[in-house]
Amino acid sequence: MRKPIIAGNWKMYKTNTEARALVNGLKEKTMPAAVEVVLCPPFTALTTVAELLQGTAIGLGAQDLFWEDEGAYTGEVSPLMLKELGCSYVIIGHSERRQYFGETDETVNKKVKAALRHGLKPIICVGESLQQREAGETNAFVAGQVEKALDGLAPESIPQVVIAYEPIWAIGTGRSSSGSDANEVIGLVRQTIAKKFGSSLAEQVRIQYGGSVKPGNIKEFMDQPEIDGALVGGASLKAEDFYGIISY
Ligand SMILES: O=C(CO)COP(=O)(O)O
């Protein structure tokens, strides 16, 4: 049985003062024991949020990392640094990093390996554009992203991996996928993993849906057999909204 995991990707929101207010708002609520909850603040708020999460069951994640442990890579952040701050997860390959910052399937693969090398669980983002969906290319494109992201991984590391299926056309648009459509693509993601690593390992991988998840639609996704959680953007920025999702 896979434990559901719901993560909040804050993207480029929340100064440290705002982060403190958001986390304190969540700490006033009772977290559901049956759901793994993870917060992914900007790098600048990781220390503040890590301190506030001490003693809670809420996990900490980063939104990216570099694949080297240290070096002359101005502006980058290493897995060692994230681990020391208390991160247990790291989002890798978000479509916004692929779109704006040159992230490729190859760099995603390098980052996945670096994360696992340092005991960080990767949340690997995959998902098609509207053009690809309308052209019927979704399955082939998403399967290719999954294959390349996981290329060369040791079988024993596969249960540590989380995949987030986030159709690009649903991110920030208010137009989410339907539960059944998302379930179909996520089923394909799981089959792709099974082809490379066997079905017993594939069955252990938690796969989230992301793209305009709100308190009003989370249950539609969580009722689906293949969907194990959500990666939430906008609705993770207010304690009430995010709590409405994690307490589905
Ligand atoms: O990109 C996302 C999470 O990583 C989804 O963002 P929204 O929930 O704002 O659509």
Side-chain angles (χ1 to χ4, degrees), residues 2-9 11 35-36 38 40 61 63 89-99 103 105 108-109 111-112 121-151 153 158-197 201-214 217-236 245 248:
R2 302 183 292 265
K3 182 170 186 177
I5 177 169
I6 295 179
N9 172 11
K11 303 190 182 183
V35 178
E36 186 172 359
V38 180
C40 301
Q63 297 177 23
Y89 288 91
V90 57
I91 297 172
I92 297 175
H94 191 279
S95 61
E96 289 150 6
R97 298 217 57 84
R98 294 175 192 256
Q99 181 181 0
E103 192 81 277
D105 288 327
V108 165
N109 181 251
K111 291 181 176 186
V112 168
K121 291 174 231 178
I123 299 177
I124 306 169
C125 299
V126 297
E128 81 285 2
S129 66
L130 185 58
Q131 190 186 3
Q132 289 167 322
R133 170 158 286 269
E134 288 172 347
E137 296 165 0
T138 297
N139 289 0
F141 180 71
V142 170
Q145 287 184 309
V146 172
E147 285 165 2
K148 290 170 196 156
L150 302 182
D151 188 42
L153 260 59
I158 293 303
Q160 301 303 310
V161 168
V162 177
I163 305 275
Y165 165 58
E166 296 201 307
I168 295 170
W169 46 270
I171 296 174
T173 60
R175 178 188 164 202
S176 67
S177 171
S178 68
S180 55
D181 286 353
N183 190 68
E184 191 180 325
V185 178
I186 288 174
L188 168 91
V189 168
R190 200 176 303 284
Q191 286 161 24
T192 305
I193 299 170
K195 266 190 218 139
K196 274 177 88 79
F197 297 98
L201 285 172
E203 283 305 311
Q204 296 177 57
V205 174
R206 291 176 297 174
I207 309 176
Q208 302 168 311
Y209 167 75
S212 294
V213 172
K214 308 292 179 201
N217 64 20
I218 179 66
K219 201 162 173 350
E220 178 184 349
F221 296 107
M222 298 311 292
D223 284 348
Q224 300 294 331
E226 293 293 345
I227 301 181
D228 306 308
L231 185 55
V232 183
S236 70
I245 291 170
Y248 70 91

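When a residue number appears, it is its place in the shown sequence, counting from 1.
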Are [X] and [Y] close enough that some pair of their side-chain heavy atoms sits under 4.5 Å apart?
X: R175; Y: L130; value: yes
X: L153; Y: V161; value: yes
X: Q145; Y: V108; value: no
X: K11; Y: I171; value: yes

What distance separates [X] [atom1] from [Y] [atom2], expressed to the nearest 0.5 Å?
X: I124; Y: I92; atom1: CD1; atom2: CD1; value: 6.0 Å
X: E220; Y: I227; atom1: CD; atom2: CD1; value: 8.5 Å
X: E96; Y: Q63; atom1: CD; atom2: CD; value: 9.0 Å
X: D151; Y: K148; atom1: CG; atom2: NZ; value: 10.0 Å
X: S129; Y: Q99; atom1: OG; atom2: CD; value: 10.0 Å
X: I5; Y: R206; atom1: CD1; atom2: CZ; value: 4.0 Å

Do [X] and [Y] pair up side chain to side chain, a donor and an acceptor below 3.5 Å, judged on atom types alone?
X: W169; Y: Q131; value: no
X: Q160; Y: Y89; value: no
X: H94; Y: E103; value: no

Nearest non-hydrogen partners of [X] and [Y], listed with the distance:
X: V213; Y: I245; answer: O-CD1, 3.8 Å
X: I168; Y: G127; answer: CD1-O, 3.8 Å
X: F141; Y: E128; answer: CD2-CA, 4.0 Å
X: V205; Y: R2; answer: O-CD, 3.3 Å
X: I123; Y: A164; answer: CG2-CB, 4.0 Å
X: S236; Y: G8; answer: CB-CA, 3.6 Å

Taking [X] for its side chain and [Y] for its backbone only, find out whether a donor-acceptor pair lies under 3.5 Å.
X: S212; Y: A170; result: yes
X: R98; Y: C125; result: yes
X: R190; Y: A202; result: yes

Quiz: residues 179-189 side-chain donor-acceptor pairs under 3.5 angstrom, not counting sequence neighbours:
residue: S180; atom: OG; partner: S178; partner atom: OG; Å: 3.4
residue: D181; atom: OD2; partner: S178; partner atom: OG; Å: 3.3
residue: N183; atom: OD1; partner: E226; partner atom: N; Å: 2.8

Mind checking what makes side chain to side chain contact (heavy atoms under 4.5 Å, CB included) contact with E147, not counting sequence neighbours?
-> T192, K196
Quick one: do I91 and L231 satisfy side chain to side chain contact (heavy atoms under 4.5 Å, CB included)? Show the steps, please.
-> CA-CA 10 Å; I91 297 172; L231 185 55; 4.1 Å; yes
For F221, the ring-ring contact (aromatic ring centres under 6.0 Å, His included) test, sequence neighbours excluded, returns Y209
Crowded around K219 NZ? As in, over 12 foreign heavy atoms under 6.0 Å?
-> no
Using 4.0 Å as the upper bound for N to carboxylate O, is an ion pair formed by K3 and E36?
-> no
